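For reference, the structure is listed below as structure tokens.
By convention here, the first residue in the shown sequence is residue 1. Computed from a prediction, not measured in an experiment: that's the story for all the values here.
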Amino acid sequence: MVVKTTTDLHSPIYQDALAIRQTVFVQEQHVPVDLEVDDNEAKTIYFVAYIDGQPAGCARLLPQSDQDFNLIQRVAVLKAFRKHHVGATIIQAVISYHQAHYPKVHLQLGAQTQAVGFYESLGFAVIPTDPPYLDAGIVHREMRYNQ
């Protein structure tokens, strides 16, 4: 498995990320397209995992200049590649990138509640002071990486 990154919205890596997000979020989870693709597209770093040259999963890292944390968002793995550690590989790639480029900034994400255990296994913890919230009609919890 190889994880590639880009910030170029015209690159094949970004197009692969969009296709994965379309399949997982829009088709499977019924997230409206106008909520899935947002105004932050040009501000983020995209990560796509490939297995034998096929795009398998993605995530994006959104730097936040006005906060003490950056956000991992749009983590998605295609159904055919689930249970192959694609999600963990992508998150570990994002963590490594973040530590190299933003060593003094926290790393945070909004996890769908069914994924909280997955993120806990990778070193994230629920922020207990932040209540559950709805994002695109799906309940989420804020989590922060324990650096």
Whether the side chain of R21 engages the backbone of D16 through a donor-acceptor N/O pair (distance < 3.5 Å, no angle test) should be reported.
no
ring-ring contact (aromatic ring centres under 6.0 Å, His included): pairs with one or both residues in residues 2-28, sequence neighbours excluded
Y14-Y46
Can you tell if the side chain of Q112 reaches within under 4.5 Å of the side chain of Q29, non-hydrogen atoms only?
yes
Given 3.5 Å as the limit, does a donor-acceptor pair link the side chain of N70 with the main chain of Q64, or not?
yes
Spell out, as yes or no, whether a donor-acceptor pair under 3.5 Å connects the side chain of R74 to the backbone of E36.
yes
Which residues pass the salt bridge (charged side-chain N to carboxylate O under 4.0 Å, His left out) test with R144, sequence neighbours left out?
D68
With distance as the sole test, does H101 use its side chain to make a donor-acceptor pair with the main-chain N or O of Q99 at under 3.5 Å?
no
Side-chain donor or acceptor of E142 paired with backbone N/O of A111 under 3.5 Å
no
Starting at CD1 of I91, measure out to NE2 of H85 and round the result to the nearest 0.5 Å.
15.0 Å
Side-chain heavy-atom pair I72, H98 within 4.5 angstrom cut-off
no
Please confirm whether F69 and Y145 have ring centers closer than 6.0 angstrom.
no
Identify the two heavy atoms, one from L122 and one from I95, that lie closest to each other, and give their separation to 0.1 Å.
O-CD1, 4.2 Å
Taking all heavy atoms of D38 and all of R60, pick out the closest pair and write down the distance.
OD2-NH2, 2.8 Å
Indicate yes or no: at least one non-hydrogen side-chain atom of V139 is less than 4.5 angstrom from one of Y133.
no
Using atom types as modelled and distance alone, determine if a side-chain donor or acceptor of S96 lies under 3.5 Å from a backbone N or O of A93.
no
